[in-house]
**Q** 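Structure incoming, see below.
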Number of protein chains: 2
Amino acid sequence: MSTTEYGQYFKALRESKGLTLRNVEKITDISNAYLSQLESGKVKQPSPNNLYKLSEAYEVPYETLMGKVGYPIPNGGDTSSERSKSAEVSNKLGEISSDEEIELLQYLKFIRNRK
Amino acid sequence: MSTTEYGQYFKALRESKGLTLRNVEKITDISNAYLSQLESGKVKQPSPNNLYKLSEAYEVPYETLMGKVGYPIPNGGDTSSERSKSAEVSNKLGEISSDEEIELLQYLKFIRNRK
DNA sequence: AAGCGTTGCTAAATATACCAAGCAAGCCAC
DNA sequence: GTGGCTTGCTTGGTATATTTAGCAACGCTT
């Protein structure tokens with residue numbers, strides 16, 4: 001199944017914000033070691049508590065992260081698959097795939113780093 | 001320590017429905033052994049996946065169970081007095097400025113055209 | 001070059017979710 | 001009573017979430 005490891009998503013998110021692993025550790029109290037494993041796909045289901053902290057640090061909706069890692073989310077059905085009929089909160093950019101998401105985050109990092 | 005004995009809550013829920021541990025096991029695919037531990041307070045943070053199954057079996061809102069065991073729930077109402085500081089609307093990419101938004105849209109177009 | 005702080009990462013260890021197997025007590029038929 | 005069936009429960013084990021300690025490569029500054 002879509003092996004689009006969400007680890008890369010987390011990594012791209014962090015880098016787009018210009019944060020280091022130890023930066024995030026400081027903010028969230030999650031060890032940098034664990035964060036590294038998270039980003040390299042060695043963790044399957046991080047606890048909701050940690051997802052919540054990360055959602056704050058990265059300023060993305062908690063629900064989004066819950067869905068990303070495969071937990072059921074309160075209002076809709078499943079996620080992880082892009083064919084969901086869910087009226088997913090439209091992003092300002094319109095519908096984007098997981099792969100595009102990562103690329104956009106990487107580009108965002110580039111944008112913010114120049115100048 | 002929270003001493004939050006939600007175990008008794010689960011037990012009361014099950015009994016109110018006239019279900020046995022093995023009944024619930026059949027329905028949810030959660031072992032009766034585990035269910036027993038859950039109800040006797042030997043489990044601290046059951047996975048959202050299992051909470052979801054239980055919410056279906058017991059016909060209570062998923063969010064309610066999430067809150068019961070101490071997980072943050074999507075719309076505020078956390079156990080700890082945490083009130084959202086602001087309703088920042090964020091998307092999967094985190095906060096982005098208008099200028100960035102435009103650039104991202106252009107880049108998205110580029111991405112999609114390069115096939 | 002040598003040292004120093006930073007970065008991401010890994011290995012080993014601990015904690016805990018969860019299951020398979022089984023046990024003791026209850027209940028109802030024979 | 002004895003046997004079978006059901007109940008809740010415990011014990012031992014496996015898997016996995018998470019941390020502590022450390023390491024190697026990098027960039028600085030001197």
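Chain letters run A, B, ... following the sequence lines, proteins first, then strands; residues in each count from 1. Predicted, not measured: the structure shown is a model, and the values here were computed from it.
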**Q** Within the side chain of A:Gln8, is there an N or O that forms a donor-acceptor pair under 3.5 Å with the backbone of A:Glu5?
**A**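 Absent.
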**Q** Report the distance from atom CG of B:Leu38 to atom P of C:dC18, rounded to the nearest whole Å.
**A** 8 Å
**Q** Should the ring pair B:Tyr107 and A:Tyr107 be called parallel, tilted or perpendicular, given that the plane angle runs from 0 to 90° and is split at 30 and 60?
**A**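 Ring orientation, 0 to 90° scale: parallel.
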**Q** About how many Å separate CD of B:Glu95 and NZ of A:Lys17, when rounded to the nearest 0.5 Å?
**A**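 With rounding to 0.5 Å, NZ (A:Lys17) is 6.5 Å from CD (B:Glu95).
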**Q** Atom CD of B:Gln37 to atom C1' of C:dA15: distance rounded to whole Å?
**A**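 Computing the B:Gln37:CD to C:dA15:C1' distance gives 14 Å.
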**Q** Might you point out which heavy atoms bring B:Met66 and B:Pro48 nearest each other, and give the distance in Å?
**A**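 That would be SD-CB, 4.1 Å.
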**Q** Under a 4.0 Å heavy-atom cut-off, which of residues 11-32 of chain B touch DNA chain C?
**A** B:Arg22, B:Asp29, B:Ile30, B:Ser31
**Q** With a 4.0 Å cut-off, would you call A:Glu59 and A:Arg14 a salt bridge?
**A**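 Here A:Glu59 does not pair with A:Arg14 in a salt bridge, since their nearest N and O are not under 4.0 Å apart.
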**Q** Would you compute the distance between atom CG of A:Leu108 and atom OG of B:Ser97 and round it to the nearest 0.5 angstrom?
**A** 8.5 Å
**Q** For the CD atom of A:Gln106 and the CD atom of A:Glu101, what is their distance to the nearest 0.5 Å?
**A**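 A:Gln106 atom CD to A:Glu101 atom CD measures 11.5 Å (nearest 0.5 Å).
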**Q** DNA chain C: A:Tyr34 or B:Ala33, which has the more 5' nearest nucleotide?
**A** A:Tyr34
**Q** Counting only side-chain N and O atoms of A:Lys42, is one of them less than 4.0 Å from OP1 or OP2 of C:dT10?
**A** yes
**Q** Tell me the interatomic distance from A:Phe10, atom CZ, to C:dG8, atom C1', rounded to whole angstroms.
**A**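 Going from CZ in A:Phe10 over to C1' in C:dG8 covers 18 Å.
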**Q** Could you tell me how the ring of B:Tyr52 sits relative to the ring of B:Tyr62: parallel (under 30°), tilted (30 to 60°) or perpendicular (over 60°)?
**A**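 Aromatic pair B:Tyr52/B:Tyr62 classed perpendicular.
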**Q** For DNA chain D, which nucleotides open and close the run of contacts to chain B, 5' to 3', at under 4.0 angstrom from a non-hydrogen atom?
**A**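 Contact boundaries, 5' end first: D:dT7 to D:dT11.
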**Q** Could you work out how much the helix from C:dA1-D:dT30 to C:dC30-D:dG1 bends, comparing the axis of its first five pairs with that of its last five, to 10°?
**A**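 So the angle between the two local helix axes works out to 0°.
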**Q** Rounded to the nearest 0.5 Å, what separates atom OG1 in A:Thr28 from atom CG in A:Asn49?
**A** 12.0 Å
**Q** On a heavy-atom basis, which atom in B:Gly94 and which in A:Val60 lie closest, and how many Å separate them?
**A**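 Where B:Gly94 meets A:Val60 most closely, the heavy atoms are N-CG1, 3.5 Å.
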**Q** side-chain contact (heavy atoms from CB on, under 4.5 Å) for B:Leu35 and B:Leu54? Distances and angles first, verdict last.
**A** CA-CA 10 Å; B:Leu35 291 170; B:Leu54 289 174; 4.0 Å; yes
**Q** What nucleic acid atoms does A:Gln45 come within less than 4.0 Å of, heavy atoms only: base, sugar-phosphate, or nothing?
**A**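 Result for A:Gln45 = sugar-phosphate.
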**Q** Looking at every strand, decide which applies to B:Ser36 at a 4.0 Å heavy-atom threshold: base, sugar-phosphate, or nothing.
**A**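 Base contact - B:Ser36 has a heavy atom under 4.0 Å of at least one base atom.
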